[in-house]
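Reading through the structure tokens given below for one structure.
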Amino acid sequence: MSFASDCKKELCSLALEKPCCQLSELSALFMAIGSLNLLGRGRVAIQFACENMAVARRIYTLMDSALGVTPQIHYVSNTHFGGRRKAVLTLGPMHSPAFLYGMNMLTEKDGVESLRSMTPNLPLTRSCCMRAFLRGAMLGNGTITNPELGYHMELPFHDEIMRLNLAKCLLKQELPVKQSHRKEQGYLYYKQCEQIITFLTAVGAHKAVMQIEELRVKRQVFGDVTRAVNCDNANMNKSMDASDAQIAAIEKLLRLGQLNALPPGLQEIAVARLNMPAATLTELGQSLKKPIGKSGVNHRLRRLMALADELE
């Protein structure tokens with residue numbers, strides 16, 4: 001199961017909230033994967049189609065709890081996409097008006113019902129309802145990449161009304177509205193870990209947030225270890241380069257017969273370096289008859305290199 005499926009399964013397992021929040025979540029689901037079918041003679045039917053069975057059960061539960069209607073469910077298999085099974089939830093002409101009234105899409109005047117909007121028209125003024133709307137949008141057709149592969153989340157929208165509602169709810173969560181289009185499909189997206197965590201926290205996907213946080217900590221530790229290893233390797237390479245330069249200077253002094261004419265302290269450190277080419281300055285200092293510190297060793301080796309340069 002993918003990370004997106006796990007995330008949606010977690011959201012579907014959340015307890016139902018207040019009636020206003022249930023309607024807000026259901027309205028986003030309708031905008032994402034629902035349709036209003038005109039049957040003629042003033043009759044309409046409401047349909048939801050989704051491949052995620054957990055989402056289908058969530059829609060069924062929301063309709064029953066918030067509107068008191070029970071949709072009919074049937075399954076459709078698509079042979080062109082590997083036999084994927086899709087759940088279709090349908091409200092017939094008898095129960096559709098209850099849905100339309102609940103979504104503020106149907107009005108009645110002088111005993112005559114009229115369709116005022118093809119999409120839900122809820123106010124979305126409360127913070128809880130805004131979070132529920134975002135949750136419904138995610139459950140409907142939202143996508144999120146496995147954080148092991150990268151950070152990317154998308155909330156597609158089909159019309160300007162849904163885009164405005166999404167933008168309003170995202171701004172309430174202090175999230176920027178980043179919009180793009182692909183193949184005539186508009187969507188809002190996020191590619192930063194912190195923004196995705198903020199969104200998932202708002203809609204209630206706390207287990208998904210924990211997975212992302214754990215992965216982020218592992219990446220940070222791995223990065224710290226990698227930087228430490230790279231730093232050690234760089235220091236080692238630097239030390240080896242310095243050792244090679246020191247040995248070259250000492251061998252030059254030997255070839256020109258100048259080493260024996262130097263003070264005993266310089267001769268001693270020169271022999272120590274030739275015998276211990278990979279030793280650190282501290283190790284060289286401790287190997288002398290009268291041990292000296294790192295600073296003293298460095299000073300003597302610099303003098304040897306300076307004398308070799310003067311012989312040019």
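As a basis for the values below, the full set of heavy atoms in this structure was taken, side chains included, without hydrogen atoms, waters or symmetry mates. Just so it is clear, the structure is predicted and the values come from calculations on it, not from any experiment.
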Salt bridge (Lys or Arg N to Asp or Glu O under 4.0 Å) partners for Glu17, two or more places apart: Arg135

pair Val271-Leu274: side-chain heavy atoms closer than 4.5 Å: no

pair Ile46-His95: side-chain heavy atoms closer than 4.5 Å: no

Met276 atom CE, neighbour heavy-atom count above 12 within 6.0 Å: yes

Pair listing, salt bridge (Lys or Arg N to Asp or Glu O under 4.0 Å) test, anchored in residues 273-289, at least two apart: none

Side-chain heavy-atom pair Leu23, Asn104 within 4.5 angstrom cut-off: no

Check: Leu91 and Leu67 side chains under 4.5 Å, non-hydrogen atoms: no

Flag if over 12 foreign heavy atoms under 6.0 Å of CD, Gln72: no

Close side-chain approach of Asp159 and Met118, heavy atoms under 4.5 Å: no

Other cluster members, Val88 - Ile/Leu/Val/Met/Phe/Trp/Tyr, side-chain contacts below 4.5 Å: Val76

Pair listing, salt bridge (Lys or Arg N to Asp or Glu O under 4.0 Å) test, anchored in residues 172-193, at least two apart: Glu154-Arg182

Partners passing salt bridge (Lys or Arg N to Asp or Glu O under 4.0 Å) against Glu194 (at least two apart in sequence or in another chain): Arg216

Any Leu164 side-chain heavy atom under 4.5 Å of Lys168 side chain: no

CD1 on Ile212 to CD1 on Ile144, rounded to 0.5 Å: 5.0 Å

Results of side chain to side chain contact (heavy atoms under 4.5 Å, CB included) for Pro93 - residues two or more places apart only: Leu39, Arg43

Candidate pair Tyr190 and Leu170, rule side chain to side chain contact (heavy atoms under 4.5 Å, CB included), full reasoning: CA-CA 11 Å; Tyr190 294 107; Leu170 291 171; 3.4 Å; yes

Pairs where residues 57-71 contributes a residue and the test side chain to side chain donor-acceptor pair (under 3.5 Å) is met, not counting sequence neighbours: Gln22-Ser65, Glu25-Arg58

Sequence-distant partners of Ser180, side chain to side chain contact (heavy atoms under 4.5 Å, CB included), two or more places apart: Tyr187, Tyr189

Test item: Gln47 and Asn37 side chains (from C-beta on) under 4.5 Å apart, heavy atoms: yes

Within 6.0 angstrom of Glu108 CD, more than 12 heavy atoms from elsewhere: yes

Any residue meeting salt bridge (Lys or Arg N to Asp or Glu O under 4.0 Å) with Arg163, in chain and number order, not counting sequence neighbours: Glu160

Selection residues 92-101 - residue pairs positive for salt bridge (Lys or Arg N to Asp or Glu O under 4.0 Å), sequence neighbours left out: none

Residue pairs passing the side chain to side chain donor-acceptor pair (under 3.5 Å) test where at least one lies in residues 290-305, sequence neighbours excluded: none

Pairwise side-chain contact, Met105 with Thr119, heavy-atom cut-off 4.5 Å (strictly under): no

Under the side chain to side chain contact (heavy atoms under 4.5 Å, CB included) test, residues paired with Leu215 that sit two or more places apart: Pro147, Glu148, Arg219

